[in-house]
Amino acid sequence: MSVEAPPRPATPPSPPSRPSAGRRVGGLLLRSWRRLTAMRTAIVLLFLLALAAVPGSLLPQRSLSQTNVRQYFADHPDLAPVLDDLYLFDVFSSPWFAAIYLLLFVSLIGCVLPRAAEHFRALRTPPPPAPRNLLRLPDSGRLESPLPPSAALDVVEEELRVRRFRVVRRDGAGGPEVSAEKGHLKETGNLLFHLSLLALLLGLAGGKMWGYEGSILVTEGQGFCNSFQQYDTYSAGPLVDSGDLTSMCVDLDQFRAEYEENLTASSFTAAIRYGDPQGEERRTTIGVNEPLRIEGGRVHVTGHGFSPTFTVTLPDGTAFTDVSAPFLPTDQRTMASEGALKLPDLGADQEDQLALEGFFAPTGLMQGGVLTSVDPRPLAPQVAIFAYQGYLGLDSGLPQSVYSLDQDQIERGRLTEVGAANLSVGESLDLPDGTRVTFSGYKEFAALQFSHDPGQLWVLGAAIALLAGLLGMLLLSRERVFARAGPGADGSGTVLTLASLTRGGGESGPRFTALSDDLQGALTTAAPRTAPPDPEVPPRV
Amino acid sequence: MSDSSLAELSNSLFSVSVALYSVALVAFCAHLAFGRRRERAHELVGAAAGTGRGGVTVADRPAPAEATDGAARTNRWGVIALAVTAVGALTHAGVLVTRGLATDRLPWGNMYEFATAVVLVTVLAFIWFAVRVPNLRHIGVFVVGPVILALVAIGLGLYTEAGPVVAALRSYWLAIHVTAAILGFGIFMVSGIASVLYLVRSRPGADQGTGFVSRLPSAATLDRLAHRTAVFGFPVWTFAVIAGAIWAEAAWSRYWGWDPKETWSFVAWVVYAAYLHARTTAGWRGRPAAWVNVVGLLVMIFNLTFVNLVSTGLHSYAGV
Ligand code: HEM
C-alpha cells in the first residue's frame with residue numbers, strides 16, 4: 001500500500017537526487033518483478049494453488065458430475081447461485097484458478113532462468129580459493145606427512161581427482177593450497193526439476209487447449225464414428241477444430257463381464273472392430289485398464305450395462321422386432337438398471353407414439369410385489385415396465401433425456417400410461433388398443449469413450465524428468481574440499497590443513513572422516529617412494 | 001492351509017500385533033520415565049551436521065546401544081521396548097502376508113489393508129532410525145502410541161473381509177502406485193510425528209525442568225529426523241502421484257481429472273514441497289517449517305479418511 005503525500009507548495013523543485021518518474025516506475029516494476037520471482041512468493045503461490053484446489057474437492061464440480069451440481073442447487077437454493085458466481089462449481093477452469101496458475105508460471109520462469117544462466121557460468125569457473133582459516137569450517141582437521149609441501153599437495157590433488165573433483169592449485173597467502181569441488185549435478189538436478197515443472201504445466205495447458213473427448217453408449221452390434229454429432233456427451237478444448245478429429249470408427253461386436261464367486265466383477269472386455277472408414281478394419285479386445293491406443297486417440301471402456309430388447313406388434317400385425325435402448329445401471333453390484341425405450345415412428349400419426357419406461361433386472365426376484373435384482377449376471381432377466389402412448393415431444397425443440405420420459409408431457413396429458421407389467425423373457429404385455437409388447441431378451445452395451453490429448457506424452461516426459469531432477473537435487477551433495485600445506489612442526493615434512501564444505505546429501509561428518517583417512521593413507525604410502533624430497537620444486541598452479 | 005483359515009490367521013495376527021505394540025508402549029514409557037539421557041556425542045550423529053565441531057572428531061557413528069553404555073540398566077528399557085516393537089512389526093507384517101496368501105493378490109486392495117500397511121511402514125521406519133540413533137528411542141511412546149490408536153481404529157472402523165478386488169484394480173499399477181503411496185505415507189507419518197515433537201521440544205524453556213519433554217531428543221535431532229524422512233518421502237510420494245496418473249490414464253481415460261483423491265494428493269505434495277523450501281528459506285526455518293510439515297501430515301490423514309469415506313470420487317470404489 002502506498003500513501004500519497006500532500007503537495008508541499010513551499011518546497012523548491014526536487015533535488016537532482018530524486019529519480020525521474022520514468023525511473024521510479026521502472027524501479028517499481030523491477031521491485032515487483034523481484035518480489036514475484038522470489039522463492040518465497042513461489043511458495044505462497046503454491047500454497048494458494050493448493051488452497052484453491054480444496055473447494056474443488058469439497059463442492060460438486062460440473063466437470064465431474066453435472067447431476068451432483070444440480071442436486072446441490074436443489075438442496076441449497078439460496079447459497080448455490082452465490083457459489084456459482086464465484087465459479088465454485090467450476091473451480092479448475094475458473095479465472096482465479098487460472099490466475100494463480102499463471103502467476104506461479106511467471107514466477108517460476110523468473111526464478112529458474114537466471115539461476116540456469118548462473119549455473120552455466122558456475123560450471124566454467126574454477127573452485128574458489130580456500131578460506132583463510134580452514135579450521136573454522138565445520139568439517140576440518142590436520143594431517144601430517146614427511147613429504148615436502150608440494151609433493152604432499154600432489155598426493156592430495158591426485159586423490160581428489162580420482163574422486164572426480166575439479167581441482168585447482170594456488171599459491172595463497174597462507175601457503176600453497178588446493179581447492180576442489182564436485183557435485184554440480186545437484187544444482188543441475190534442481191534446475192531440471194524446476195524446469196520440468198514448467199514443462200509439465202505447459203503440457204497440461206496444451207492438452208486442455210487441443211484435447212477433446214466424447215462418450216457414447218454402444219450396444220452390441222452397433223458402432224460409432226469419431227465426430228461430435230455422434231457422441232452422447234463430449235467436451236473439447238477451445239482450439240479444437242471439429243473438422244479435424246481423428247478419422248476413425250468403432251463397432252462393438254461383443255461385450256463380456258466376468259464375475260468372481262462373490263460377484264465381484266473380475267473383468268470387462270469388449271471385442272471391437274475399428275479403423276479409418278477409408279482404410280482397413282482391425283479387430284481387438286479392449287477392457288478396463290486396457291484401452292485401445294492409436295495414433296491420435298484412445299478408446300476406453302468406461303462402463304457397461306444392459307439394453308433389454310422388445311418386440312412390438314401393432315394391432316394390424318406390423319411387427320418391430322428386437323428394438324432396444326440402453327438402460328443405465330443404478331446399482332453396480334446388482335446391475336439393476338433403469339431406462340426408457342421411445343418408439344416415435346410406429347404409426348402415421350403423431351399421437352401414435354409408444355414408450356416403455358421401467359426397470360431391468362439381470363437376475364430378477366420379486367420381493368413384496370416389487371422387482372429387484374440380486375445378481376449382476378443375466379441369469380434370469382426380468383423387466384418391470386410401464387407403457388405410454390401419445391406424443392413424446394421429441395421434436396418440440398427442447399432437449400430431453402434418452403433414459404427417461406419427459407415428465408411434462410405426462411403431466412400435460414399428452415402421454416398416458418396404458419399398461420404396466422413385470423415380464424420375464426418371452427412374456428408379453430397387451431395394451432388396450434391391441435398392441436402387444438413382448439420382452440424378447442437383452443443385449444449388453446458398453447460405455448465407450450474416445451479421448452485425444454496431445455499434451456499427454458509431453459506431460460509424461462516432464463514428469464519423469466521432474467522425478468529425475470528431484471532425486472538428483474535431494475540425494476546428491478555439493479562438496480568443496482580445501483587443503484593448505486604448511487611446514488611441519490619440527491621444520492621437516494608438511495602439516496596439511498584440510499577442510500570440506502557440503503551442501504545436502506546427508507551426513508557430512510563420516511564422509512569427511514573417510515576422506516581424511518584415505519588421504520592420510522595415500523600420504524603414508526607415497527612417502528617412501530618420493531623420498532628423498534626435493535624442496536626446490538616450485539608449486540604447480 | 002485353506003484361504004479362510006489364512007484369513008482368520010491374519011485377523012488373529014492383527015490382534016497379536018496390537019497387543020505386542022501395547023507391551024512395547026509400556027516399555028517405552030518406562031524408558032522415557034526412568035531412562036537417563038544419553039551422552040551428547042551419540043546425539044550429534046542425528047543432529048544437524050555442521051554446527052561448529054572442530055577437528056576430525058566426527059567419527060562417532062552410532063555404536064550398538066549396549067556396548068558403550070555403562071549405566072545400561074535404565075536404558076535396557078529402551079532395548080526391550082524396541083525388541084518388542086520389532087516382534088510386533090513381524091506379526092504386523094504377518095497380517096498382510098497371510099491376507100495376501102488368502103486372497104492371492106497384493107494385500108492392499110482396500111482401505112483396511114492399505115491403512116494397515118501404512119502403519120507398518122511407519123513402525124519399520126521408526127525401528128530403522130531407533131536402531132541407528134539410540135537416542136531416538138525416547139520418542140517411541142509418541143510413535144507406538146499413535147500406531148496403536150490407528151490400528152484399533154482401523155480394526156474397528158475399516159475391517160473388510162478378505163476377498164478379491166474389482167476389475168479396475170487388477171493391474172500391475174496397483175503394485176506400483178499403491179506400494180509407493182503406502183511407503184510415502186508411512187514415512188510422512190514419522191516425519192509429522194517428529195515435527196510435532198520438535199514443536200514441543202523447541203518451546204522456550206523446554207530444556208529446563210525434569211519433565212518428559214527434557215528427556216526427548218534435542219530439538220535439532222528431531223528437526224533433522226523430520227527433514228530426512230520428508231526428503232525420503234517426497235520423491236516417493238511424487239512417484240506415487242505420477243504412477244497414479246499413468247494408471248488413471250489407462251483406467252479412467254485421463255491422467256488427471258481433479259478427482260477428490262487426486263486433488264488432495266496434489267495438495268499434500270505442494271505442502272511437502274513447501275516444507276522442503278521453508279527449511280532452506282530464511283525466516284521460515286525452525287518452527288514455521290515444522291508447522292508446515294504438521295499441516296502436511298494433517299492433509300495426508302484427511303486424504304486417507306475423509307476423502308475415502310465421505311466424498312464420492314473414482315477412488316471410492318477401492319472399498320472400505
Ligand atoms: C520462484 C520459484 C522457485 C524458486 C526460486 C525455487 C528455488 C529453489 C531452490 C533454491 C531450491 C534449493 C534449496 C536448497 O537446497 O537450498 C529449491 C528446492 C526445491 N524446490 Fe524450488 N523454487 C521455486 C519454485 C518451486 C516450485 C513451484 C516447486 C514445486 C512444488 C518447488 C519444489 C522444490 C523442491 C521439492 C525442492 C527440494 C528442496 C530440498 O532441497 O530439500 N520449487 N527450490
Side-chain angles (χ1 to χ4, degrees), chain A residues 39-40 42-43 46-47 49-51 53-54 56-58 61 63-65 68 91-92 135-136 138-142 204 213 258 260 262 264-268 287-291 298 300 302 332 449 451 453 456 459-460 463-464 466-467 470-471 474 498 502 506-510 512-513 516, chain B residues 44-45 49-61 163-168 170-171 173 228 231-232 234-235 238-239 242 245-247 249-261 263-264 266-271 273-274 276-278 281 283-284 299 307 311-313 317:
Chain A
M39 186 154 129
R40 182 185 284 244
I43 302 179
L46 261 178
F47 253 125
L49 195 65
L51 213 59
V54 169
S57 76
L58 300 182
Q61 296 295 298
S63 58
L64 296 175
S65 166
N68 289 355
V91 165
F92 303 108
L135 290 177
R136 282 243 183 89
D139 295 310
S140 56
R142 284 208 172 93
L204 197 81
E213 59 185 36
E258 284 168 17
E260 301 282 348
N262 73 350
T264 306
S266 64
S267 86
F268 302 117
V288 180
N289 285 318
E290 277 151 22
R298 294 165 280 132
H300 289 263
T302 57
Q332 289 291 338
Q449 177 171 325
S451 324
D453 183 343
Q456 182 163 298
V459 168
L460 179 63
I464 292 171
L466 180 143
L467 193 59
L470 184 63
L471 288 174
L474 292 177
L498 196 68
T502 316
E507 300 294 338
S508 64
F512 179 69
T513 314
S516 56
Chain B
L44 279 173
V45 176
T51 44
R53 280 165 288 156
V56 194
T57 56
V58 281
D60 46 2
R61 279 189 182 283
V165 291
V166 298
R170 300 188 183 195
S171 161
W173 286 105
R228 292 189 70 177
V231 161
F232 184 86
F234 189 72
T238 308
F239 176 73
I242 294 174
I246 296 174
W247 189 6
E249 191 270 343
W252 302 328
S253 78
R254 83 288 179 291
Y255 61 87
W256 195 266
W258 296 109
D259 174 76
K261 193 85 185 179
T263 303
W264 282 96
F266 167 75
V267 170
W269 188 78
V270 165
V271 172
L276 294 183
H277 269 125
T281 306
W284 278 83
V299 169
V307 174
S311 75
T312 52
Y317 72 125

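Values below: every heavy atom of this structure, side chains too, minus hydrogens, waters and symmetry copies. Quick note on labels: first sequence line is chain A, next is B, and so on, each numbered from 1. Bear in mind that the values here come from a model prediction, so they are computed numbers and not experimental data.
Nearest heavy-atom pair, B/P260 versus A/S57, reported as atom, atom and distance to 0.1 Å: CA-CB, 4.0 Å. Closest approach of A/L474 and B/P235 over heavy atoms only: CD1-CG, 3.5 Å. Shortest non-hydrogen contact noted between B/I242 and A/A463 is CD1-O, 3.5 Å. Heavy-atom minimum distance, A/R298 versus B/R254: NH1-N, 4.4 Å. Contact detail for A/A50 and B/V267: the closest heavy-atom pair is O-CG2, 3.5 Å.
The contact between B/F239 and chain A is made by backbone and side chain atoms together, counting heavy-atom distances below 4.5 Å. A/L58 touches chain B through its side chain: at least one heavy atom from C-beta onward sits under 4.5 Å away, while N, CA, C and O do not. With a 4.5 Å cut-off on non-hydrogen atoms, B/W264 touches chain A through its side chain but not through its backbone. Looking at A/V91, neither its backbone nor its side chain comes within 4.5 Å of chain B, counting heavy atoms on both sides. Residue contact with chain B, scored on non-hydrogen atoms closer than 4.5 Å, involves the side chain of A/E260 exclusively.
Using a 4.5 Å heavy-atom threshold, the side chains of A/L466 and B/T238 count as touching. Within the 4.5 Å cutoff, the side chain of A/D453 has heavy atoms near those of the B/Y255 side chain. B/W247 is listed as a side-chain neighbour of A/N289, based on a closest heavy-atom distance under 4.5 Å.
One finds the CD1 atom of B/I246 at 10.0 Å from the CD atom of A/Q456 (value rounded to the nearest 0.5 Å).
A distance-only check finds a donor-acceptor pair linking the side chain of A/H300 to the backbone of B/A250 [under 3.5 Å].
Comparing A/V54, A/L471, A/L51 by how many heavy-atom pairs each has under 4.5 Å with chain B, the most go to A/V54. Your options are B/V299, B/V271, B/T263, and the one with the most heavy-atom pairs under 4.5 Å with chain A is B/T263.
In this structure A/I464 satisfies the side-chain contact (heavy atoms from CB on, under 4.5 Å) test together with A/L460, sequence neighbours excluded.
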